[in-house]
Each structure stands twice: as C-alpha cells, then as structure tokens.
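Some notes on the structure that comes next.
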Amino acid sequence: QQQVKQSPQSLIVQKGGISIINCAYENTAFDYFPWYQQFPGKGPALLIAIRPDVSEKKEGRFTISFNKSAKQFSLHIMDSQPGDSATYFCAAVGSAGNMLTFGGGTRLMVKP
Amino acid sequence: KAGVTQTPRYLIKTRGQQVTLSCSPISGHRSVSWYQQTPGQGLQFLFEYFSETQRNKGNFPGRFSGRQFSNSRSEMNVSTLELGDSALYLCASSRGSPAYGYTFGSGTRLTVV
C-alpha cells in the first residue's frame, strides 16, 4: 500500500520557471513532512520540511505548501535553475515511528 | 563535520551468497536507519536502530537483518541473496527524533548476478 503518492513522475521546466511537485498522503498519523533532493550517485539530502500545524514554509527559492484537510502538500521551486535538476522525493514520518515513508519521486530537468 | 559513511560503495555478489554492508553515522547520532532503493519500488524502509536496539522494522523478509554497535556504527546483512536484492542500500543517521532530520550516506550499490 503506497501511503504517499507523488506526482508528476517527471517534470521539465525552463530556467527561471516554477517547478511544482505534489504529494498526497493517507495516514493521518503522519506529523512531519520532509522533502529530499537526490543527485545521481548520491544519497537523498534534506531540502526542507514542514509540520502540519503550518500551512506554508519558505527557505530561499523552495516553498512547501501544506493542506491538512486535503492531506496534500507540495514543493514549489521558484526561479528554477539547471543545477536544480535532480530527483525529488516527498516523505512523511508518523509519531508512532522514526521511519520515512517516501513518495515515488519526481525527476526534474531544468532546461537552460 | 564528517557525513554518513557507507562501505563498500559497490559490491557484486552471486545469487545464494550473503553480504554485509557497513554504515558509520555522524558523530553524536544514535539512530541509524537503512533503506533500499530500486527503480521499481522506490525508497523502502528496512529497519532502524537506536542505542543498539532495533526500534522499527519494515516489511522485508527475515533474510535482511541488521545490528548496531556501541559506537553507533551499524551493519546490515542479507543472506541467501536473490537477483531481486540488487539495489542501492542507503543508511541514514539522526539524533533519534524526526525533528532533527535524517542525513543519508551515498549508499552501497549491490548487484546480484
């Protein structure tokens, strides 16, 4: 059972554009929602994270929007750059355990 | 500050063999988690250790096991390897609570032939 669904699977954006990746979850026990960025040959690196008591969090060009009632959250990358080309994973952690449940990943390509 | 170190980086094993992977967490981090990454199944949680005790376990067969030592270093073992075990195995360390975040190593690429 896939508890975190992520879309789209792949995304092509022009340099300077906005990249938007969406995730939806089912388990209401999730209470921590991080986003990870992974480059080829590397492990995932924490990008930004949010808790459900906050509707939006911004760090530089990266913003998480969170809709608790819809059980959805999204990552917005403003002014996308070729260096942002990577695979992005949303994830969720429940209060009952210290394990990350990952979405399926989005391969982002930013064209110069 | 040193990151999470995983060894070896690459490994080729024959079906039926067993393998041991190693992970050295960030100094001061007491929690070590293991994940399997494959193109088909994505990132899946294997297990988590905290202060030498397994706290959580994912939905993997008993052929997958792990342990953690008193210095927080962790090992993961897979016995009777199958072709489907070919994957990138990732280790993540944290201070013990999700609020502190997880730091991943670069992984061990295991190929079973």
Side-chain angles (χ1 to χ4, degrees), chain A residues 1-10 21 23-25 27 29-54 57 59 62 64 66 73 86-108, chain B residues 2-7 9-10 21 23-26 29-51 53-60 66 68 74 87-109:
Chain A
Q1 180 188 9
Q2 186 182 6
Q3 294 193 55
V4 180
K5 295 184 179 180
Q6 184 172 344
S7 63
Q9 285 187 302
S10 62
I21 304 170
C23 284
Y25 63 97
N27 189 346
F30 289 144
D31 63 0
Y32 176 73
F33 301 87
W35 283 88
Y36 284 84
Q37 179 190 57
Q38 185 177 29
F39 292 104
K42 299 290 186 181
L46 179 64
L47 202 56
I48 187 172
I50 198 168
R51 290 203 176 273
D53 54 348
V54 177
K57 183 175 181 180
E59 289 184 2
F62 301 91
I64 300 178
F66 190 87
F73 57 111
T87 300
Y88 292 80
F89 293 93
C90 63
V93 182
S95 55
N98 294 304
M99 67 199 84
L100 289 158
T101 299
F102 284 94
T106 296
R107 183 172 290 184
L108 171 66
Chain B
V4 178
T5 304
Q6 290 189 248
T7 57
R9 287 296 312 274
Y10 303 93
L21 312 182
C23 172
S24 293
I26 291 172
H29 285 194
R30 296 165 64 189
S31 168
V32 174
S33 303
W34 289 88
Y35 291 82
Q36 181 196 63
Q37 185 173 25
T38 60
Q41 299 299 315
L43 282 152
Q44 292 187 289
F45 171 77
L46 280 155
F47 29 66
E48 186 232 359
Y49 287 87
F50 182 82
S51 294
T53 300
Q54 186 181 87
R55 279 203 302 194
N56 296 286
K57 189 177 190 304
N59 189 25
F60 277 82
Q68 187 179 33
S74 177
L88 179 67
Y89 290 90
L90 292 158
C91 166
S93 79
S94 79
R95 292 184 193 176
S97 167
Y100 296 113
Y102 299 84
T103 303
F104 282 83
S106 293
T108 294
R109 172 74 62 185

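Lettering of chains follows the sequences in order, A, B, ..., and the numbering in each one begins at 1. Bear in mind that the values here come from a model prediction, so they are computed numbers and not experimental data. Scope of the values below: all heavy atoms of this structure, side chains included, with no hydrogens, waters or symmetry mates.
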Where does B:Arg9 contact chain A at under 4.5 Å (heavy atoms): side chain, backbone, both or neither? side chain
What's the shortest heavy-atom distance between A:Phe89 and B:Gln37, and which atoms? CZ-NE2, 3.5 Å
Under 6.0 Å from the CD atom of A:Gln9, do we count more than 12 heavy atoms belonging to anything else shown? no
Checking heavy atoms, do the side chain of B:Leu43, its backbone, both or neither come under 4.5 Å from chain A? both
Sort B:Phe47 into side chain, backbone, both or neither according to what part of it lies under 4.5 angstrom from a heavy atom of chain A. neither
Under 3.5 Å, side chain of B:Tyr35 to main-chain N/O of A:Leu100, donor-acceptor pair present? yes
Take atom CG in A:Asp53; do more than 12 heavy atoms of anything else shown fall under 6.0 Å from it? yes
Chain B contact via A:Pro44 - which portion, at a heavy-atom distance below 4.5 Å: both
Chain A heavy atoms under 4.5 Å from B:Gln41: which part of the residue, side chain, backbone, both or neither? neither
Part of B:Thr103 lying under 4.5 Å from any heavy atom of chain A: neither
